[in-house]
Amino acid sequence: RPYQITILCCTVLAVYYPALFAPICYIDDNKLIFFDVAGAEPEHLLSVVFSGGGYYRPLLFMTFILDNYFWLLEESFLHLENVLLHGINVLLLYAVTESLVKRAGIDTNSSIPFVVALLFALHPLATESVNWISGRTDPLAAVFLLLSLKILLDWFDAPSTGRIIRMQLCFLLACLAKETAVFYIGPALLLVMVIRARVLESVDGSPSRPSWRTLLSAICFNWMINASFILAAIAYFAMRRFAAMSSIGIDRGLSKLALNATKQSHESLWFDKFLEVFRSIGFYTKKIFVPWPLNFNIVQVSDWYILLGVLVLLLLCSFCWRRRDLVAVLALSAFLVGSSALLVSIGKLAWTAYAERYLYIPLIFFIPGTVLWLYEKIGKVREGQLFRVVILILCGASLITTVQRNLVWMDSAAFYELNYRQAPNLPITIKCYAVSLRQDGRDAEAKQIFKLLPLKKRNVKETTGN
């Protein structure tokens with residue numbers, strides 16, 4: 001429907017218009033622009049594929065090299081690209097949801113694809129990935145995951161070897177944009193299983209909830225798809241290992257994960273890591289349902305999330321066991337893709353243990369699943385009026401929060417002050433706040449804030465590139 005697509009495009013551009021005027025973030029962006037990419041030419045494009053050791057994201061760095069070549073890393077263009085990538089994801093999710101609605105047996109004239117895409121366009125958890133230049137890795141990976149998912153769904157209508165090849169190429173490109181995209185294998189195989197089981201049910205007259213025998217038959221029937229995903233994942237890890245061995249001789253990312261996830265000390269026991277898994281599950285579940293308050297520097301979370309994590313895991317298992325349908329698969333897929341964030345908190349792979357940007361890709365599965373569930377429960381109540389009211393409330397709350405957050409990102413001083421108030425003991429937030437105050441001409445305040453840093457952390461150039 002052209003008018004729905006037009007509304008979605010205009011919504012993304014209008015809501016994220018302030019991002020075009022946002023300054024470069026001191027955290028990671030300056031280092032990326034002034035040190036990692038500055039001076040790079042197009043002839044360096046292939047070299048990034050064969051260099052690694054830490055973050056292996058060659059496709060991401062290729063985009064920045066091209067940015068340097070075409071518009072000299074002009075910050076407004078860098079932000080515009082992030083906004084456009086988010087817009088592309090909104091349209092791709094619209095197309096994917098149309099295919100999912102068809103598989104769920106819902107009227108193809110329903111507004112569900114538009115509602116899903118609109119909620120994704122406005123969701124507050126997307127603001128960090130879109131406004132932060134270094135956060136481009138998530139929207140970029142999502143583009144290729146959604147392309148792979150759309151090709152997968154189309155494959156059921158017209159199976160062909162060409163579609164399988166294109167599907168796995170998109171999956172591989174997603175992994176080259178962000179390594180956590182490899183977690184998409186689980187959702188892809190689950191979708192193949194449930195969709196094929198639904199086809200088998202329509203043939204043999206099975207009940208609406210497929211039996212385990214039918215599900216196992218579906219897995220065996222689509223062995224070619226399953227094998228192709230496994231081969232694509234093997235190809236990614238082979239490329240990653242070759243790049244690491246060719247440059248520094250070791251994959252520091254995987255080595256750091258293995259070391260921090262397995263080592264024990266008086267401060268970090270195996271039991272603590274076990275609890276951290278449930279704490280992370282509880283926190284991210286709460287965050288994806290109730291994103292407020294938004295926070296760029298999430299250092300630690302309450303231990304109460306451990307109990308919530310245990311409860312969520314039990315409820316998810318029960319929900320999927322009872323339903324065994326498309327909605328259950330989408331819920332489980334959001335969990336499986338989001339579980340990559342657990343590795344960050346356990347393996348201490350990033351400068352914060354938790355981050356809202358890790359939920360950008362899980363939203364691709366969470367929002368369609370939630371909308372389909374709501375439509376199933378209240379879509380027919382009072383001729384759909386209750387469903388429309390709920391969606392309007394969700395869109396309104398998301399719109400207000402997202403616009404406010406985008407305006408904060410646009411105001412450098414307000415952004416770093418908020419970060420400092422939310423994480424007053426984190427050295428990087430203190431440092432960035434002090435630098436922003438100095439650039440705002442408030443030298444006396446900047447000196448007072450800067451004195452809060454430990455002596456060994458007072459290297460401003462290390463963070464800001466200035």
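Residues: numbered from 1 along the sequence shown. Since this is a predicted model, take the numbers as computed values, not measurements.
- Here the two rings, on Phe289 and Phe366, have centers that are under 6.0 Å apart.
- Note that the CG atom of Leu172 and the OH atom of Tyr236 stand 9.5 Å from one another [nearest 0.5 Å].
- Not less than 6.0 angstrom separates the ring centroid of Tyr433 from the ring centroid of Tyr416.
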Practice item. Evaluate the side chain to side chain contact (heavy atoms under 4.5 Å, CB included) criterion for residues Leu8 and Val12: first the C-alpha distance (whole Å), next the side-chain angles of each, then the deciding distance (0.1 Å), finally the verdict. Key: CA-CA 6 Å; Leu8 291 173; Val12 172; 5.7 Å; no

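- Between the Lys431 side chain and the Val435 main chain, no donor and acceptor come within less than 3.5 Å of each other.
- The shortest side-chain heavy-atom distance between Arg357 and Leu125 does not fall under the 4.5 Å cut-off.
- Residues Phe120 and His86 bring their aromatic ring centres within 6.0 Å.
- For the pair Arg324 and Trp321, the cation sits on the ring face: its NZ or CZ lies under 6.0 Å from the ring centre, inside 45° of the axis.
- The two residues Thr352 and Asn297 have their closest heavy-atom pair at CG2-CA, 4.1 Å.
- At least one donor-acceptor pair closer than 3.5 Å links the side chain of Ser339 to the backbone N or O of Leu336.
- Although no hydrogens or angles enter the test, the distance criterion places a donor-acceptor pair under 3.5 Å between the side chain of Arg136 and the main chain of Leu78.
- Between the side chain of Thr401 and the main chain of Ser398, no donor-acceptor pair closer than 3.5 Å is present.
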Practice item. Might you work through the salt bridge (charged side-chain N to carboxylate O under 4.0 Å, His left out) test for Lys150 and Glu98, ending with a clear yes or no? Key: CA-CA 10 Å; Lys150 183 66 173 79; Glu98 278 190 322; over 6 Å; no

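- In this structure, the side chains of Leu191 and Leu326 come closer than 4.5 Å at one or more pairs of heavy atoms.
- Across every non-hydrogen atom of Val182 and Ala233, the tightest pair is CG2-CB, 4.2 Å.
- From Thr370, atom OG1 reaches atom CD1 of Ile367 across 7.5 Å, with rounding to the nearest 0.5 Å.
- The backbone N or O of Ala177 lies less than 3.5 Å from a partner atom in the side chain of Thr137, making a donor-acceptor pair.
- The side-chain heavy atoms of Val194 and Leu190, taken from C-beta on, include no pair separated by under 4.5 Å.
- Between Phe278 and Leu313, the closest heavy-atom pair is CE2-CD2, 3.7 Å.
- Taking the six-membered ring where tryptophan is involved, the planes of Phe296 and Trp409 are perpendicular, since the angle between them exceeds 60° and thus also 30°.
- Here the SG-CG distance, from Cys395 to Leu119, works out to 4.0 Å after rounding to the nearest 0.5 Å.
- For the pair Leu149/Tyr184, a side-chain contact is recorded, criterion being any heavy-atom separation below 4.5 Å from C-beta on.
- Between His123 and Tyr360, the distance from one ring center to the other does not fall under 6.0 angstrom.
- Here Phe171 and Phe144 keep their ring centres 6.0 angstrom or further from each other.
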Practice item. Begin from the C-alpha positions of Val371 and Phe387 and carry the test side chain to side chain contact (heavy atoms under 4.5 Å, CB included) through to its verdict. Key: CA-CA 9 Å; Val371 173; Phe387 177 75; 4.1 Å; yes

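- A pairwise comparison of heavy atoms in Ala423 and Val299 identifies CB-CG2, 4.2 Å as the closest pair.
- Proximity of a side-chain donor or acceptor of Asn82 to a complementary backbone N or O of Trp132 within less than 3.5 Å is detected.
- Pro368 places a side-chain heavy atom less than 4.5 Å from the side chain of Leu93.
- Sorted by first then second residue, the salt bridge (charged side-chain N to carboxylate O under 4.0 Å, His left out) pairs that include residues 412-430, not counting sequence neighbours, are Glu417-Arg421.
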Practice item. Please report the C-alpha distance between Ile298 and Phe283 in whole Å, then the side-chain angles of each, then the deciding distance to 0.1 Å, and finally whether the side chain to side chain contact (heavy atoms under 4.5 Å, CB included) criterion is met. Key: CA-CA 11 Å; Ile298 308 172; Phe283 170 74; 3.7 Å; yes

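- Looking at heavy atoms from C-beta onward, Val116 lies in side-chain contact with Ile112 at the 4.5 angstrom threshold.
- Applying the 6.0 Å contact sphere to CD of Gln300 captures no more than 12 heavy atoms from other residues, nucleotides or ligands.
- Ion pairing between a basic and an acidic side chain is recognised when a charged N comes within 4.0 Å of a carboxylate O; Arg279 and Glu276 show such pairing.
- With contacts defined as side-chain heavy-atom distances shorter than 4.5 Å, the pair Asn419/Cys432 does not qualify.
- Ring centroids of Tyr354 and Tyr358 are separated by 6.0 Å or more, keeping the two rings apart.
- Atom CZ of Phe237 is separated from atom CZ of Arg240 by 7.0 Å, given to the nearest 0.5 angstrom.
- In terms of modelled atom types and a separation under 3.5 Å, the side chain of Ser99 and the main chain of Leu153 share no donor-acceptor contact.
- At least one side-chain heavy atom of Pro187 sits less than 4.5 Å from a side-chain heavy atom of Val337.
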Practice item. Step by step, work out the side chain to side chain donor-acceptor pair (under 3.5 Å) result for Gln439 and Tyr26. Key: CA-CA 12 Å; Gln439 291 191 343; Tyr26 297 146; 2.3 Å; yes

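- A donor-acceptor pair under 3.5 Å is absent between the side-chain atoms of Thr127 and the main chain of Arg405, judged by distance alone.
- Note that CG of Asp325 is 9.0 Å distant from SG of Cys320, once rounded to the nearest 0.5 Å.
- Here Val277 pairs with Ile281, Leu342, Ile346 under the side-chain contact (heavy atoms from CB on, under 4.5 Å) rule; sequence neighbours left out.
- Panel note: side chain Asn406, backbone Thr402; a donor-acceptor pair is recorded below 3.5 Å.
- Looking at every heavy atom in both residues, Val344 comes nearest to Ala353 through CG1-O, 4.0 Å.
- Shown here for Phe319 and Ala328, the closest heavy-atom pair between the two residues is CE2-CA, 3.8 Å.
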Practice item. Decide side chain to side chain contact (heavy atoms under 4.5 Å, CB included) for Tyr56 and Leu176; before the verdict, give the C-alpha distance in whole Å, the side-chain angles of both, and the deciding distance to 0.1 Å. Key: CA-CA 7 Å; Tyr56 182 61; Leu176 295 177; 3.8 Å; yes

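- Looking at Lys287, its side chain does come within 3.5 Å of a backbone N or O of Pro293 through a donor-acceptor pair.
- To the nearest 0.5 angstrom, Glu81 atom CD is 3.5 Å from Asp67 atom CG.
- With Leu140 as the fixed residue, the side-chain contact (heavy atoms from CB on, under 4.5 Å) test singles out one of Ile88, Leu173, Leu85: Leu85.
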